[in-house]
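All values below come from the heavy atoms of this structure, side chains included, with hydrogens, waters and symmetry mates left out. Chain naming here is simple, since letters A, B, ... match the order of the sequence lines and numbering starts at 1 in each.
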2 protein chains.
Amino acid sequence: MDEAKRKKLEDKGWKVGTVSEFLDLTPEETTLIEIKLALSRNLKERRQKSMTQAELADKLHSSQPRVAKAENGDASVSIELLIRAMLATGATPQEIGQVIAQVG
Amino acid sequence: MDEAKRKKLEDKGWKVGTVSEFLDLTPEETTLIEIKLALSRNLKERRQKSMTQAELADKLHSSQPRVAKAENGDASVSIELLIRAMLATGATPQEIGQVIAQVG
DNA sequence: CACAAGTATATCAAATATGATATAAATGAT
DNA sequence: ATCATTTATATCATATTTGATATACTTGTG
C-alpha cells in the first residue's frame, strides 16, 4: 500500500497506522473496509444524480453531515447506514449486491 | 403478512407490532430486514458446514451467544457483524453480494 | 466581487450494538 | 437414561454509532 493511499484512509478515521501495522490487518478486515468504501462511492454517485445531501438526509431521517460522512467513507459510518442510504436513493438489493460483489 | 410470520419476527425483536402497524413499514425498512434475514440464514448454512458457533466466535473475536443471535436473525445484530461473520466463514464479497442480490 | 446553495468538519448526548458471563435448553452418542 | 457437546436465552457494563447542532468551507451564479 502506498503512502498516499494510507494517508487517505487515516484521514477518514481508519486505524491503518503505519505501513507495517497495516500489514497486520487480516484479509477479512481489509475486505470489510473495501466493501464500505465501495458502498460509499456508489452512494455518492447515485445521490448526486437526483438530490442534495440534505434531501437524502430527510428521506433517511438522518442529517446532512451524516450523509456527507457516509459519502466520504468516514469510519464512523456503519454498513447499515450505507445500505439504508442506498435504499433511500432507490437502489434495489440487486444493485447493492452488485456493488459488494465487485469488491475483491 | 400472516400472523405466524409476524409472531416470528416479533420474537426476534423486530418492532413489527400489529399487522396494521406493520403496514406502516416503508418498503425500504422491509427490504433492510429481508437483507438481514437472508444474511442470517446464509451464515448459518455456511457455518454449519465447517465449525461450531464457538469456533466461529473465536475467529470473529466475538462470543458464541452473539453468533447464535446472528444466525437466528435477532434484531440486535448489525449487518456489519453479519458480514464480518460471513467473511470469517470464508465467504467472498461475490458470495455476500449474491445473497443480498437475491432479496426482493 | 457578493451571495446563495451545497458540502465538509467538529462536538456531543442519546441510542444502539457489542463481547462477556452465567445458565438453560437441545442434541446426539454410548 | 446419562452425559458431553452444542446452541439458545438473559443480563449487563462498555464501546460504537447515531442524529442534532453549530459552523466552516467550497462552489457556482449573478
Side-chain angles (χ1 to χ4, degrees), chain A residues 7-16 26 28-29 32-33 35-37 39-89, chain B residues 7-17 25-26 28-29 32-33 35-37 39-89:
Chain A
K7 177 147 195 338
K8 219 169 154 190
L9 286 177
E10 277 186 346
D11 286 351
K12 290 176 179 175
W14 298 106
K15 288 173 192 167
V16 172
T26 64
E28 290 79 14
E29 289 168 335
L32 190 69
I33 291 175
I35 288 174
K36 283 189 171 195
L37 294 179
L39 288 170
S40 277
R41 282 191 296 270
N42 206 267
L43 171 63
K44 187 167 202 164
E45 273 178 22
R46 290 186 59 86
R47 193 272 307 165
Q48 284 179 332
K49 287 179 184 167
S50 53
M51 55 185 137
T52 67
Q53 291 182 346
E55 286 167 343
L56 175 55
D58 278 352
K59 294 199 185 201
L60 261 180
H61 305 296
S62 181
S63 61
Q64 176 269 321
R66 196 121 267 275
V67 171
K69 283 180 188 297
E71 290 185 354
N72 283 304
D74 191 282
S76 80
V77 174
S78 70
I79 290 189
E80 184 119 2
L81 183 61
L82 288 169
I83 291 182
R84 285 207 296 121
M86 292 278 282
L87 292 172
T89 68
Chain B
K7 175 143 196 340
K8 220 169 154 190
L9 286 176
E10 278 186 345
D11 286 350
K12 290 175 178 175
W14 299 105
K15 287 173 192 166
V16 172
L25 277 189
T26 64
E28 290 80 14
E29 289 169 332
L32 190 68
I33 290 176
I35 288 174
K36 283 189 170 194
L37 293 179
L39 289 169
S40 276
R41 282 192 294 270
N42 205 266
L43 171 62
K44 186 167 202 165
E45 273 177 23
R46 289 188 60 85
R47 193 270 309 165
Q48 283 178 333
K49 288 179 182 166
S50 53
M51 55 185 137
T52 66
Q53 291 182 346
E55 286 166 344
L56 176 55
D58 278 352
K59 295 198 184 204
L60 262 182
H61 306 295
S62 180
S63 60
Q64 176 270 321
R66 196 122 270 272
V67 171
K69 283 179 187 297
E71 290 186 354
N72 284 304
D74 189 283
S76 80
V77 175
S78 70
I79 289 189
E80 184 119 1
L81 184 61
L82 289 168
I83 291 182
R84 285 207 296 120
M86 291 279 284
L87 292 172
T89 68

When you measure from the side-chain N and O atoms of [X] to the phosphate of [N], is any distance below 4.0 Å, counting only OP1 and OP2?
X	N	answer
B/Asn72	D/dA8	yes
A/Ser62	D/dG19	yes
B/Lys44	D/dA8	yes
B/Gln64	D/dT6	no

Measure the distance from [atom1] on [X] to [atom2] on [N] and round it to the nearest whole Å.
X	N	atom1	atom2	answer
B/Gln48	D/dA8	CD	P	9 Å
B/Lys69	C/dG19	NZ	C1'	12 Å
A/Leu56	C/dG6	CG	C1'	14 Å
B/Arg66	D/dT16	CZ	C1'	12 Å
B/Ile83	C/dA17	CD1	C1'	15 Å
A/Asp74	D/dT18	CG	C1'	12 Å
A/Glu80	C/dT16	CD	P	12 Å
A/Asp11	C/dA8	CG	P	14 Å

For this session: Please determine, by modelled atom types, if A/Ser62 and A/Arg84 share a side-chain donor-acceptor pair under 3.5 angstrom.
Result: no
In terms of side-chain heavy atoms of [X], which of [options] is nearest?
X	options	answer
A/Thr52	C/dA8, D/dT18, C/dG6	C/dG6
A/Ser78	D/dT17, C/dT18, D/dA8	D/dT17
B/Leu81	C/dT9, D/dA8, C/dT18	C/dT18

Exercise. Distance-only, no hydrogens or angles: does the A/Gln48 side chain make a donor-acceptor pair with backbone N or O of A/Glu45 under 3.5 Å?
Worked result: no
Problem set entry | Under 3.5 Å: donor-acceptor pair, side chain of B/Asn72, backbone of B/Ala68 | yes
Exercise. What is the nucleic acid contact for A/Ser63, judged by heavy atoms within less than 4.0 Å: base, sugar-phosphate only, or nothing?
Worked result: base
Exercise. Which is true for A/Val77 with a 4.0 Å heavy-atom rule: it touches a base, it touches only sugar-phosphate, or it touches nothing?
Worked result: sugar-phosphate
Seminar exercise, completed: On DNA chain D, more 5' by nearest nucleotide between B/Gln53 and A/Lys36 is B/Gln53
Problem set entry | Salt-bridge present (B/Arg47, B/Glu71; N to O < 4.0 Å) | yes
Problem set entry | Residue from B/Ile33, B/Thr26, B/Leu32 passing side chain to side chain contact (heavy atoms under 4.5 Å, CB included) with B/Glu29 | B/Thr26
